[in-house]
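Note: hydrogens, waters and symmetry copies are ignored here, and every other heavy atom, side chains too, is used. Every value quoted in this text rests on a predicted model; they were computed, and no experiment measured them.
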Amino acid sequence: MAFIKKHKLLTAFFGVTLALLITLGTIFLVRANHYKTHFFPGTVMSGVDVSELTAEEANEKVSRFVADYLLTIYARDDQKYYIEGPSIGYSYMPNGEIEQILERQDAYDWIKQRKDTKEQEIDLATTFDQQQLEKELAALPCMQTDQMVAPEDAKIAWVDDSYQLVPEVMGTTLKSDEVLRLVTQAVENGDTSVELYDHYVDPEIRSDDPQLNACMDNIEKYYGTSITYTFGNEEPFELTSEMIQAWLAVDEDYQVRVDDEKVTNFVQQMASKYNTYGDVRDFKTSLGDKVKIGGGDYGWVIDKDKEKAQIYEDLAKGGKIEREPVYLQVAKEYGAYDIGSTYVEIDYTNQHLWYYDNGELVVDTDIVSGNLGRWNGSPDGIYKIVYKQRNATLVGEGYSSPVDYFMPFAYNVGIHDASWRNKFGEQIYLTAGSHGCINVPPAIAEKLYETLAVDTPVIAYYREKVYLTAENARISNAYSYISEDDYKELLKEDPTAVNPRPTKTNG
């Protein structure tokens, strides 16, 4: 009995399995038969999705796609014109390529192909009505003769009480035959855009014509010359031709010369306006408030002698000159706030240093700066890293200190490691500060040395009034520098004018 029961179970299992296989096989064959006449999912032809379409349906969809053809025509003066496919009978001509692609499709591979995207380019053979194209082209505004601006040759004319070189007018007169050939070829190729810039009737004489320029030079050598000074994204400044003419003097023999004193005065005025060396700036600190800080040696400085010489060179050359001033020293950015977003900030009062690279904080550390009590206060102002040196020995009156990393920014004052210190920050600098340099932990000095670039701005400031009389403060143009004689006179008037002292604590 058990054997018979087991036999029946096996018979039923095989029967179900066979039925399932027959069903799956039938489904497979049905789908395979479907894909003998339909494209696989994800089939794209020249940008047209023909998934699950027959060859006839695919041809129709491609035909609709082609019918949406649009030709954009680019002309002078930033003008754009359009010719639409339906207006010229633009249509697709099936050539059997879609049917051939479907025939090559392996219908029995439908399971593998049902998810992949299959992109391929086909020959979009098209046709259009040439006469209708010519009609549409002729109707465009740029092709209207009465709207075309004729080109004009450059010339010298009497304008505003002086001779001037009047530039050529390029005009908008198109070469109609060339344009027709160009547009027809574009439509035949199925191009979606065409440019007419090289198919205009251009003037025969341009502003750079040697005869015109020689004549203009003979008329008035300096007239028409101007110099536009650029300052990055800041507003440019123009030394106009009218200003230049005010510099000219003509003697009785009609010899033209430039008044040197007036050129010198102009350069001095420009330097006074655009130099930022030593300027007082409102600096937003890392603690969020603002401090006023000036002095130092950072900022833009126009080289007055070389700028003057360059002006004479520009006047001799003539024309419209655009350039920067000749600088003796440059800053990171233009404008009144020329520091930029990469800089070292040193808050002497809070004995802390920050280094930002493109606005990102790289170093954040306590420091020990110069001893104010011994008149060795570190110079305040806006400076820049002068150079970097490994294994330097700092020598001064009564001391010689070897350091691993030295990064000077104000005369002989710089940032360096101080391995002899085991504590930084607080008010150490008021009693046991350095000889003027900025002491930082060795690991911090190493990181600064590796990441800090030469010429990086250094903004160093005190939050309270201090008096710096050291030689390095004088030479480095420190913001708080005062000569010893002036300081003595100050003390006579105000005995309280002394540097900060350590805060007293109990215990």
Side-chain angles (χ1 to χ4, degrees), residues 37-103 105 117-152 168-203:
T37 58
H38 293 73
F39 287 104
F40 288 138
T43 303
V44 178
M45 296 184 180
S46 293
V48 182
D49 187 349
V50 297
S51 303
E52 300 290 351
L53 299 183
T54 65
E56 182 180 357
E57 293 169 336
N59 274 311
E60 291 178 357
K61 190 169 184 180
V62 170
S63 180
R64 291 194 300 274
F65 172 77
V66 170
D68 290 334
Y69 174 76
L70 179 69
L71 176 66
T72 302
I73 300 174
Y74 294 92
R76 278 181 180 170
D77 299 330
D78 296 326
Q79 296 298 310
K80 290 191 295 186
Y81 306 95
Y82 305 95
I83 293 180
E84 299 177 347
S87 68
I88 59 173
Y90 194 81
S91 60
Y92 171 62
M93 294 190 303
N95 56 7
E97 185 177 3
I98 290 179
E99 287 81 0
Q100 294 173 8
I101 294 173
L102 182 59
E103 289 176 3
Q105 179 175 283
T117 298
K118 295 156 282 297
E119 297 187 17
Q120 52 190 307
E121 296 297 320
I122 61 174
D123 179 16
L124 295 178
T126 58
T127 184
F128 62 93
D129 188 325
Q130 178 67 33
Q131 289 184 339
Q132 195 61 32
L133 173 62
E134 293 177 12
K135 182 178 179 181
E136 289 291 320
L137 181 61
L140 296 179
C142 63
M143 298 297 292
Q144 307 308 307
T145 303
D146 60 348
Q147 295 188 33
M148 292 181 181
V149 177
E152 296 181 17
E168 67 275 9
V169 175
M170 296 305 296
T172 58
T173 301
L174 284 162
K175 300 176 182 177
S176 301
D177 293 342
E178 291 185 16
V179 171
L180 177 58
R181 287 195 296 271
L182 182 70
V183 172
T184 300
Q185 187 64 54
V187 174
E188 289 176 349
N189 294 341
D191 297 334
T192 57
S193 66
V194 64
E195 297 179 350
L196 306 184
Y197 305 132
D198 296 331
H199 301 276
Y200 286 86
V201 178
D202 288 332

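- Heavy-atom minimum distance, Tyr197 versus Ala75: CE2-O, 3.3 Å.
- When all heavy atoms are compared, the tightest approach of Tyr74 to Ser193 is CE1-CB, 3.8 Å.
- With sequence neighbours left out, Pro86 forms a side-chain contact (heavy atoms from CB on, under 4.5 Å) with Glu84.
- For the atom pair CD1 (Ile83) and CD1 (Ile73), the distance works out to 4.0 Å, reported to the nearest 0.5 Å.
- Here the side chain of Thr173 pairs a donor or acceptor atom with the backbone of Val149 at under 3.5 angstrom.
- Between Phe128 and Leu133 the shortest heavy-atom distance is CE1-CD2, 3.7 Å.
- Atom CD in Glu134 sits 9.0 Å away from atom CG in Asp129 (nearest 0.5 Å).
- Taking OG1 from Thr145 and CG from Leu174, the interatomic distance works out to 10.0 Å, rounded to the nearest 0.5 Å.
- To the nearest 0.5 Å, atoms CG (Asp77) and SG (Cys142) are separated by 11.0 Å.
- Applying the salt bridge (charged side-chain N to carboxylate O under 4.0 Å, His left out) test to every pair with at least one member in residues 180-201, sequence neighbours left out, gives no pairs at all.
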Take Gln130 and Leu180, measure what side chain to side chain contact (heavy atoms under 4.5 Å, CB included) needs, and give me the verdict at the end. CA-CA 10 Å; Gln130 178 67 33; Leu180 177 58; 4.2 Å; yes
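- Contact record, Ala150 with Val169: O-CG1, 4.3 Å, taken as the closest heavy-atom pair.
- The main-chain N or O of Met170 is found under 3.5 Å from a side-chain atom of Arg76 such that the two form a donor-acceptor pair.
- More than 12 heavy atoms of other residues, nucleotides or ligands sit less than 6.0 Å from atom CD of Gln147.
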Applying side chain to side chain contact (heavy atoms under 4.5 Å, CB included), run through Val187 and Tyr69 and close with a yes or a no. CA-CA 9 Å; Val187 174; Tyr69 174 76; 4.0 Å; yes
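- Asp78 CG: 12 or fewer foreign heavy atoms inside a 6.0 Å radius.
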Walk me through it: do Leu137 and Thr184 pass the test side chain to side chain contact (heavy atoms under 4.5 Å, CB included)? CA-CA 10 Å; Leu137 181 61; Thr184 300; over 6 Å; no
Let's go through Ser176 and Met143 carefully: what are the C-alpha distance in whole Å and the side-chain angles of both, what is the deciding distance for side chain to side chain contact (heavy atoms under 4.5 Å, CB included) to 0.1 Å, and is it a yes or a no? CA-CA 7 Å; Ser176 301; Met143 298 297 292; 3.9 Å; yes
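- When every heavy atom of Thr72 is checked against every heavy atom of Lys80, the shortest pair comes out as CG2-CD, 4.3 Å.
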